Amino acid sequence: MGIFPTKFFTKARNLIGLGLASAATAAASTSAAASSSSSEAEIAGRKILKTKLCIIGSGPAAHTAAIYAARAELKPVLFEGWMANGVAPGGQLTTTTDVENFPGFPAGILGPELMNRCRQQSLRFGAEVVTETVTNVDFSHRPFRVFTDSTTVEAESVVVATGAIAKRLNFDGAGDGPDGFWNRGISACAVCDGAAPIFRGRPLAVIGGGDSAMEEASFLSKFGSKVYIIHRRDKFRASKIMQGKVMSNPKIEVLWNSVVVGAYGDDKGRVLGEVKVKNVVTGVVTDLKVSGLFFAIGHEPATKFLDGQLELDSDGYVVTKPGTTKTSVEGVFAAGDVQDKKYRQAVTAAGTGCMAALDAEHYLQGFGLQEGKSKSV
């Protein structure tokens, strides 16, 4: 975006942050809220909403769930958040440039525009979108309660779709600002961005030592002229089979006991051109010419606000029953990257959002709370 070519990245991560909000869309949200049939009351200075389904999140999973639920006449309330987890409404896709692997856009679409369209579609079918961040929940009994600083929602069912944030490193040149190369050569998703033209036939680097780093390096070796794996220790923590795949690849070189301490531009300063790598044993700093640097150091699912009320795995992701979006609490469902540590793509997130809405609809039918018939296709 800006002065840079549109086709820098092929970013389709869901990421999942919490929602895009512009002045225009906020006005549309206010209009939708005014016409919503969910009951409101002012109690002790708090707005109280009652709904069959509350959706927490604003990425592809959340909005797909909202679209399906609204078409099934569940009149969902969706909390899109505001700078939740440091991400603007719309989630991680709002921080990207071109998204070229989301179906239906042969010429690609900007991440913020894609999420704005998703939001508008949710509003069109009657979802009530609230630009507030959920701070805590009470899933101990029905109706479930969802809280923000000023609003309480009482819901018969809930979809958690708060996403997961890619972990990033902080060093000179790693940021988003004018002096940083984030989205100008630095990324946290090789699968999303690695095939972009600026990376093809050029030296690339991956930071990490786990299975994700091995997978990303192997993937990038299909496009880059050479791939460096920069790891701060003298051995990987990745599985043996993944290590073997990397070590036998002639295009991959490992820089052991090393960390990146700075990123710098190419001759024109517009995109990444090199990084400074420090050997943590000898202290020696060397320049490494690369056109791409990919963080593969893990993700942090946005589940802290749940306060242990849903079963989580050892990495903090919501555990769902295989083949469904059902969580450990009946009537609470999870969709998108908050429960998916493997694929983490916008299109897979949207798919689980559809599943969550249908699971919630079937759940409500069991209580005689679903009044309309689904119009889903």
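Worth saying up front: this structure is predicted, and the values here are computed from it rather than measured.
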Side chain to side chain donor-acceptor pair (under 3.5 Å) pairs touching residues 250-260, sequence neighbours excluded, are Lys226-Glu253

Across all chains, not counting sequence neighbours, the side-chain contact (heavy atoms from CB on, under 4.5 Å) partners of Thr64 are Tyr68, Ala350, Cys354

One should read off an interatomic distance between Lys167 NZ and Ile297 CD1, to the nearest 0.5 angstrom, of 7.5 Å

Residue pairs passing the side chain to side chain donor-acceptor pair (under 3.5 Å) test with at least one member in residues 200-215, sequence neighbours excluded, are Asp211-Ser239

Check: Could you go step by step and tell me if Phe139 and Phe144 meet the ring-ring contact (aromatic ring centres under 6.0 Å, His included) rule?
Finding: CA-CA 5 Å; Phe139 293 157; Phe144 304 120; 5.5 Å; yes

- [ ] Flag the pair Phe199 / Phe294 as yes when their ring centroid distance falls below 6.0 Å, and as no otherwise.
- [x] yes

Sequence neighbours excluded, the answer for side-chain contact (heavy atoms from CB on, under 4.5 Å) partners of Asp179 is none

Residues at least two apart in sequence or cross-chain that pass side-chain hydrogen bond (donor to acceptor under 3.5 Å, both in side chains) with Ser314, listed by chain then number, are none

Besides Ile67, the hydrophobic cluster formed by Ile, Leu, Val, Met, Phe, Trp and Tyr side chains linked at under 4.5 Å, directly or via other members, contains Phe125

- Query: Is the closest basic N to carboxylate O distance between Asp359 and Lys326 below 4.0 Å?
  - Reply: no

Under a 3.5 Å threshold, yes or no: a donor from one side chain and an acceptor from the other, between Glu132 and Ser150?
yes

Taken in chain and number order and not counting sequence neighbours, the residues that satisfy salt bridge (Lys or Arg N to Asp or Glu O under 4.0 Å) with Lys278 are none

Sorted by chain and residue number, the salt bridge (Lys or Arg N to Asp or Glu O under 4.0 Å) partners of Glu300 (sequence neighbours excluded) come out as Lys304

| query | Are Arg142 and Glu156 within salt-bridge range, i.e. N to O under 4.0 Å? | reply | yes

Contacts of Asp172 meeting salt bridge (Lys or Arg N to Asp or Glu O under 4.0 Å) (sequence neighbours excluded), chain-then-number -> none

Residues pairing under ring-ring contact (aromatic ring centres under 6.0 Å, His included) where one sits in residues 271-291, two or more places apart or in two chains, turn out to be none

Quiz item: Can you find a heavy atom in the side chain of Leu78 that is under 4.5 Å from one in the side chain of His63?
Solution: yes

Joining Ile, Leu, Val, Met, Phe, Trp and Tyr whenever any side-chain heavy atoms lie under 4.5 Å apart, the cluster holding Val280 also takes in Val259, Val261, Val281, Val285

Asp266 meets the salt bridge (Lys or Arg N to Asp or Glu O under 4.0 Å) criterion, sequence neighbours left out, with none

